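Below: the structure, in structure tokens.
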Amino acid sequence: MGKNKAKKDDKDGGGEEHNQMYSALAIGLVCIVIGLPLWWKTTTTYRASLPYSEIDTLAQTQMQYKVPVNIRSCLSEPSTNENDVLKQLQEKLNQDNPNSKVSVQYSINVRKCNPNDLDRVHQHQNLQELDRSFLNTNTDTVGHPVIYLLSGDHKGFQGIHTYIGKQRIAYVAIHKDDLSNSLDHVVQLLRTTLVNELSMVKICNAAQGFQHTQADAGTMRAVRSTPGYGISFSLLNPQPDVLDVKWDIRQAIQDYLEPFTQKLDEFANFVVDSQVLYYTGISVKPKQSEDKSYYYLSQGQLPQVITPVEAKLGSHVSTYPSLNFLLYVPKRTHAPLYVVDSKGDQVSTNAFLSPRWGGVMVYNVQDPTNNTELPAEVMVNMHSAMEVFLSQLRLLIGIPAQSQGGVSNVHIEQPGASGVTDWEYDVLLRGRTLENIATASATLVSLSQLLDKIGNIVINDDIAQQVYKAVESVNQGHAYLQQGNLYRAFHASKRAIAASEKAFFDPSLLELLYFPDDQKFAIYIPLFLPISIPVFASLFKVLKWFRARRKTKQD
């Protein structure tokens, strides 16, 4: 009877131990099989897939662009063959520099002038009138320059060899006895002026961040590529009690600036504002000339003029970079005031430009006489002021300064009311297209390297969408450039740089940037250690129990 009771107690004890072991095993399995993967899944940083291989390819892609050139031969000499002209131009133009980061290809189309063009050439002996007669008659395309080859004895070529008009048309004198030398002028004209290859290379180098290139005044002066500009005109009158200076800035903007902004409507947006600042002058004390007839600001003093005034210009609501243009009326005690160059000569415009900031013009007025009632009323000549400001604005947004570019005997027609010629517009568009594509590619490469280096940055679907859009737009820009379609290439480049910068500066990329792995362990160890020790101890006990039970059965 006692033995049966003892066996029953042993059986009950064994069953209880059996239940405890299996319960511990179940809890351990739940923690390891379900809990641990669930925690890992819910705490894993979400990283959408990105086209890393395509981004790496973009960094190694050489910038290539095609320039379709239409050559119109209006030569009457039968000895001049269009095929010879085409062959010589192609040999002279398509000679790439293998060490250059930018490759340009010229697509030459040579044909004889049609009868209507020949009638215009014979009818207009003045090249300016001839260029005006071609207005709205050429079905020219953005980025497609047209060059008319005229006889060297044309009366329009008096003292010049080449004439560049307001459109995309240039006129070159061709001498039948020296065709090769004349065609060299055509090649030089395309490379240095109408296309400006050197400027394109410098723009790409600056956008890609090459450090071993010589600093270029043009690229350092112009504002980097942006979808818009904020233009602010300010009149500085330090003595309103002496001079009542007035300016018709509204009419001046309408007459001089609006034609310019309308011409560049597809290039960028422009937000314009104006203000008058009273009792605001310059903190720099001008120097007096040796004969004490005038005051002047030297080159070393010019940077000190802007800094104190900039704090008083006020904040701008526009998100676009601001370009400031100041018209400063000097104090009575410092008048007349002139800006001098490094040689000490007076600057003809009496103005100076600050790179990527704006320009300042000193406007001298006649000193009021003793019998004049103060404040004396003064009206600003807005034609002279806006002429200076518009030339400064051209340089600040990247329109290259008009120069012969090493080509001798070239006359370049002034842009007129629009402020920019068609061929200058092409140069600006081509430069901005290359800059946008190079900048977008560099931004994508930097983003790819950043995300690859720091693995706990969240990459959400919006960022991935922008990256894919940027990569696609960059590839489209390259394709359009190689096809010679500058208009579509520019708009593709705008989409590329907008998408790449939106992805790079997305705020969500910084949310987990300051939580490296060592900080994660510091957070999770106090949480999981109290839980994991009993679980692993129970699993270890279960393992020992299974081994002991197996040994018992074997015995």
Side-chain angles (χ1 to χ4, degrees), residues 65-96 104-122 124 127 130-135 137-154 156-157 160-197 404-413 421-427 430 482-486:
Y65 63 95
K66 178 190 287 187
V67 181
V69 182
N70 297 312
I71 306 293
R72 302 290 179 260
S73 177
C74 298
L75 304 174
S76 57
E77 293 82 359
S79 59
T80 304
N81 191 320
E82 283 73 23
N83 292 329
D84 294 339
V85 173
L86 175 62
K87 183 178 179 181
Q88 291 189 43
L89 285 177
Q90 286 180 338
E91 290 178 354
K92 295 174 183 292
L93 282 172
N94 294 320
Q95 296 176 356
D96 289 339
V104 55
Q105 180 184 4
Y106 291 90
S107 176
I108 311 298
N109 178 23
V110 182
R111 66 172 177 83
K112 279 188 173 295
C113 292
N114 56 45
N116 292 333
D117 292 346
L118 289 174
D119 291 341
R120 290 190 180 92
V121 171
H122 295 311
H124 300 283
L127 293 179
L130 176 61
D131 185 64
R132 194 180 298 115
S133 69
F134 280 109
L135 185 65
T137 60
N138 283 279
T139 58
D140 55 344
T141 310
V142 175
H144 293 214
V146 180
I147 298 179
Y148 280 87
L149 306 181
L150 307 182
S151 176
D153 57 2
H154 192 281
F157 296 109
I160 62 173
H161 190 279
T162 304
Y163 176 88
I164 305 176
K166 297 181 181 181
Q167 306 172 70
R168 298 179 176 88
I169 307 177
Y171 307 88
V172 180
I174 300 296
H175 301 279
K176 60 180 180 180
D177 55 345
D178 194 5
L179 178 61
S180 179
N181 189 33
S182 299
L183 293 181
D184 286 338
H185 283 80
V186 176
V187 173
Q188 194 74 1
L189 174 67
L190 284 169
R191 287 189 179 277
T192 61
T193 306
L194 296 182
V195 178
N196 204 338
E197 292 182 16
Q404 296 181 357
V407 184
S408 58
N409 301 326
V410 177
H411 176 79
I412 301 177
E413 190 66 28
T421 61
D422 290 345
W423 66 269
E424 287 177 327
Y425 180 76
D426 292 346
V427 174
R430 186 174 290 109
Q482 294 172 9
Q483 296 170 9
N485 194 331
L486 180 58

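From a predicted model like this one, the values you see are computed outputs, not experimental measurements.
- With contacts defined as side-chain heavy-atom distances shorter than 4.5 Å, the pair Y65/E197 qualifies.
- In summary, of the residues considered (T162, L194, V172), a side chain to side chain contact (heavy atoms under 4.5 Å, CB included) with V186 occurs for V172 alone.
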Practice task
Run the numbers on F134 and H124 for side-chain contact (heavy atoms from CB on, under 4.5 Å), then give the verdict.
Solution key: CA-CA 11 Å; F134 280 109; H124 300 283; over 6 Å; no
Handout entry: CA sep, side-chain torsions, deciding dist, call: Y106, V195, side-chain contact (heavy atoms from CB on, under 4.5 Å)
Key = CA-CA 10 Å; Y106 291 90; V195 178; 3.8 Å; yes
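- With sequence neighbours excluded, no residue satisfies side chain to side chain donor-acceptor pair (under 3.5 Å) with Y425.
- Atom-to-atom distance recorded for L150:CG and S73:OG is 9.0 Å, nearest 0.5 angstrom.
- The distance from atom CG of L89 to atom CG of N109, rounded to the nearest 0.5 Å, is 11.5 Å.
- When all heavy atoms are compared, the tightest approach of Y148 to C74 is CD2-SG, 3.7 Å.
- Judged by distance alone, the side chain of H161 and the main-chain N or O of F157 form no donor-acceptor pair under 3.5 Å.
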Practice task
Give the C-alpha distance, both sets of side-chain angles, the deciding distance and a yes or no for side-chain contact (heavy atoms from CB on, under 4.5 Å) between I147 and L190.
Solution key: CA-CA 9 Å; I147 298 179; L190 284 169; 3.8 Å; yes
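- Annotation: the span from L183 atom CG to Q188 atom CD amounts to 13.0 Å, rounded to 0.5 Å.
- Using a 4.0 Å cut-off between charged nitrogen and carboxylate oxygen, D117 and R72 do not count as a salt-bridge pair.
- Rounding to the nearest 0.5 Å places CG of N70 at 9.0 Å from CD1 of I108.
- The backbone N or O of Y163 sits nowhere less than 3.5 Å from a side-chain atom of E413 that would complete a donor-acceptor pair.
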Practice task
Give the intermediate values and the outcome of side-chain contact (heavy atoms from CB on, under 4.5 Å) for residues R168 and V142.
Solution key: CA-CA 9 Å; R168 298 179 176 88; V142 175; 3.6 Å; yes
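- Here the side chains of Y171 and V121 are not in contact, with every heavy-atom distance at 4.5 Å or above.
- Under the side chain to side chain contact (heavy atoms under 4.5 Å, CB included) criterion, N485 pairs with Y480, Y487, R488, not counting sequence neighbours.
- Taking every heavy atom of both residues into account, P145 and P68 meet most closely at CD-O, 3.3 Å.
- Atom OG of S151 sits about 9.5 Å away from atom CD1 of I174, to the nearest 0.5 Å.
- Put simply, the side chain of H154 never gets that close to the backbone of L127: no donor and acceptor are under 3.5 Å apart.
- Annotation: side chain of Q482 is not in contact with side chain of K66 (no heavy-atom distance under 4.5 Å).
- Annotation: the span from I412 atom CD1 to I160 atom CD1 amounts to 11.0 Å, rounded to 0.5 Å.
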